[in-house]
Protein chains: 2
Amino acid sequence: MGEITPQAAAALPGGEPAVALADPGPGRRQRKKQLTRDALIEAAMELFAAKGYDRTAVHEITDAVDVSERTFFRYFASKEDLVLSFVRDGATAFAEALAARPPQEEPLTAARQAFQASLRRLPGDTGDVASYLSVMELIDSTPALLAAYLRYIHDHDHEIIRVLAEREGVDPATDRRPRVLAAMIGALVFLANRDWRAGGDPSAEAMSAAFDAYAGEVTSALSGHWPAR
Amino acid sequence: MGEITPQAAAALPGGEPAVALADPGPGRRQRKKQLTRDALIEAAMELFAAKGYDRTAVHEITDAVDVSERTFFRYFASKEDLVLSFVRDGATAFAEALAARPPQEEPLTAARQAFQASLRRLPGDTGDVASYLSVMELIDSTPALLAAYLRYIHDHDHEIIRVLAEREGVDPATDRRPRVLAAMIGALVFLANRDWRAGGDPSAEAMSAAFDAYAGEVTSALSGHWPAR
DNA sequence: TTGTCAGATGTCATTAGATGACATTATGTG
DNA sequence: CACATAATGTCATCTAATGACATCTGACAA
């Protein structure tokens with residue numbers, strides 16, 4: 001558990017920090033910032049994995065990277081925000097992937113395909129599903145993070161809604177269908193995700209299977225008077 | 001904005017506090033505790049309404065009731081927890097109402113009826129919908145509360161799932177349908193709630209209409225290739 | 001190269017939420 | 001009344017977060 005100087009820290013979830021960091025100071029300066037950011041994320045995730053999110057203080061993270069505590073909060077709006085940086089990247093990738101699906105595809109199929117596609121372009125092009133799963137695991141097992149995660153999803157629903165409305169050529173302001181569908185997709189991805197993780201098989205096929213298992217039950221679930229299993 | 005002594009404070013959302021408060025010291029002691037709890041809730045909600053949740057410090061609440069700050073945290077696990085006490089009561093009432101619906105009823109209809117029924121038995125038998133709406137308004141407009149709310153719903157999904165599974169006579173551990181349905185109901189109630197509030201009509205009919213407007217679109221939304229409006 | 005400006009970081013102070021430890025007061029009971 | 005215990009107060013401490021201001025460092029032009 002050595003120090004993680006900004007010089008270390010490989011390619012980590014990029015994306016803009018939640019706290020706007022002014023405009024791109026050209027060249028080296030910008031690179032240093034990225035290194036610091038990456039180092040903070042790496043150190044934090046290591047500590048979270050080792051001792052848990054709640055039992056890791058911000059100063060422990062900044063000590064490991066050798067920056068001041070204040071600097072941490074210049075990169076991340078909060079401790080939660082650091083973890084959410086992964087979620088932001090994932091949500092963005094998902095929204096883009098969904099927008100790229102052919103409109104004639106059934107909505108839930110499109111969602112599943114989009115989710116798979118988004119997994120492949122997560123960290124550094126490597127389909128590093130393992131790290132995604134571990135982050136989700138961390139979130140799911142940490143009340144504070146779960147709350148922040150759910151709120152993030154809630155707050156950014158509108159992006160998915162917009163994409164869905166566009167796919168179908170309706171107005172999201174007046175048509176309730178994209179809202180309903182977005183909520184359903186969110187729930188299904190969430191449920192499938194958990195089963196997927198619990199299954200222990202990180203393959204894309206396992207993810208598909210988990211998603212389809214839920215998607216296939218939706219209509220039946222809604223109708224009631226369920227046929228026995 | 002005067003003091004709210006424990007002697008004031010009418011019947012407020014009861015239920016057990018999140019922090020277990022040992023067993024029922026009989027008689028007066030218990031009554032005093034309830035009064036203090038009610039006074040804290042009343043003072044807090046008044047301050048939240050006046051200055052907003054974030055800008056209200058715990059010591060302001062305890063000052064108004066004239067107890068120590070430490071005492072607050074003996075009654076409520078956190079500042080959020082106080083607001084969630086309303087949500088807890090509501091969720092419990094909803095779960096009970098849902099369990100009471102006839103099993104042959106369509107699930108979404110049962111959910112709507114249960115929600116209406118739960119509204120009627122909220123504060124002190126008076127169908128005081130206005131206070132429910134204002135609490136939801138507060139939650140919805142306060143990021144920290146919204147996150148806590150969403151997590152609460154998430155954490156207590158299993159109660160609804162259990163009721164649904166029982167209604168239909170299936171095993172919630174192996175059957176995905178109650179899980180899917182619970183998620184859908186949660187989403188629909190949430191969406192309908194917002195439209196209902198936005199509509200400005202606090203009547204039960206308006207609530208029903210908002211719910212049905214969403215429920216009626218679910219099947220269509222899922223199928224895709226939406227017919228134009 | 002050097003001087004200047006701006007962006008990035010460090011330092012310090014402060015607020016607020018939350019929790020543990022322990023003393024004090026109040027209440028129920030024999 | 002006296003005792004046991006529950007409820008509360010007091011005090012100390014931790015952590016997250018934020019504002020203010022000083023300092024350092026990379027960017028860039030003369």
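Residue numbers begin at 1 in each chain, while the letters A, B, ... track the order of the sequences.
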Colleague: Does some side-chain heavy atom of B:R179 sit less than 4.5 Å from a side-chain heavy atom of A:D195?
Modeller: yes
Colleague: Take the protein atom CZ of B:F72 and the nucleotide atom C1' of D:dT10, then report the distance between them rounded to whole Å.
Modeller: 19 Å
Colleague: With a 4.5 Å limit on heavy-atom distance, are the side chains of A:F211 and A:N193 in contact?
Modeller: no
Colleague: Separation of A:R74 atom CZ from C:dA8 atom C1', in whole Å?
Modeller: 7 Å
Colleague: Of all the choices, D:dG9, D:dC21, D:dA6, which nucleotide is nearest to the side chain of B:T71 once you look at every atom?
Modeller: D:dG9
Colleague: Using only side-chain N and O atoms of A:Y75, determine if any of them is under 4.0 Å from OP1 or OP2 of C:dA8.
Modeller: no
Colleague: B:R37 has an atom CZ; how far is it from atom C1' of D:dA7, in whole Å?
Modeller: 16 Å
Colleague: For the pair made of CG in B:L40 and P in D:dA7, what is the distance, rounded to whole Å?
Modeller: 15 Å
Colleague: State which of C:dG10, D:dT15, D:dG9 makes the closest approach to the side chain of B:V67.
Modeller: D:dG9
Colleague: Figure out the CD/C1' separation between B:E80 and C:dG17, and round it to whole Å.
Modeller: 10 Å
Colleague: Quick check for you: among D:dT15, D:dA27, C:dA26, whose closest atom lies nearest to any side-chain atom of A:R28?
Modeller: D:dA27
Colleague: Can you identify which nucleotide, out of C:dT27, D:dA16, C:dT11, has its nearest atom closest to the A:R70 side chain?
Modeller: C:dT11
Colleague: Please determine, for the side chain of B:K79, which listed nucleotide (D:dT15, C:dG10, C:dG17) has the closest atom?
Modeller: C:dG17
Colleague: From CD1 of B:I61 over to P of C:dA16, roughly how many Å is that when rounded to an integer?
Modeller: 12 Å
Colleague: Can a side chain N or O of A:K33 be found less than 4.0 Å away from OP1 or OP2 on C:dA8?
Modeller: yes
Colleague: Would you give the length of the straight line joining atom CZ of A:F72 to atom OG of A:S78, rounded to the nearest 0.5 angstrom?
Modeller: 7.5 Å
Colleague: Keeping the roles fixed (side chain from A:Y53, backbone from A:E80), state whether a donor-acceptor pair exists under 3.5 Å.
Modeller: yes
Colleague: Between A:W196 and A:D201, is there a donor-acceptor pair closer than 3.5 Å when you use the side chain of the first and the backbone of the second?
Modeller: yes
Colleague: With a non-hydrogen cut-off below 4.0 angstrom, is A:T62 in contact with a base, only sugar-phosphate, or nothing?
Modeller: nothing
Colleague: Which nucleotide wins on minimum distance to the side chain of B:F73, given the candidates C:dT19, C:dT9, C:dT27?
Modeller: C:dT19
Colleague: Among C:dG17, C:dG10, D:dT5, find the nucleotide with the atom closest to the side chain of B:R29.
Modeller: D:dT5
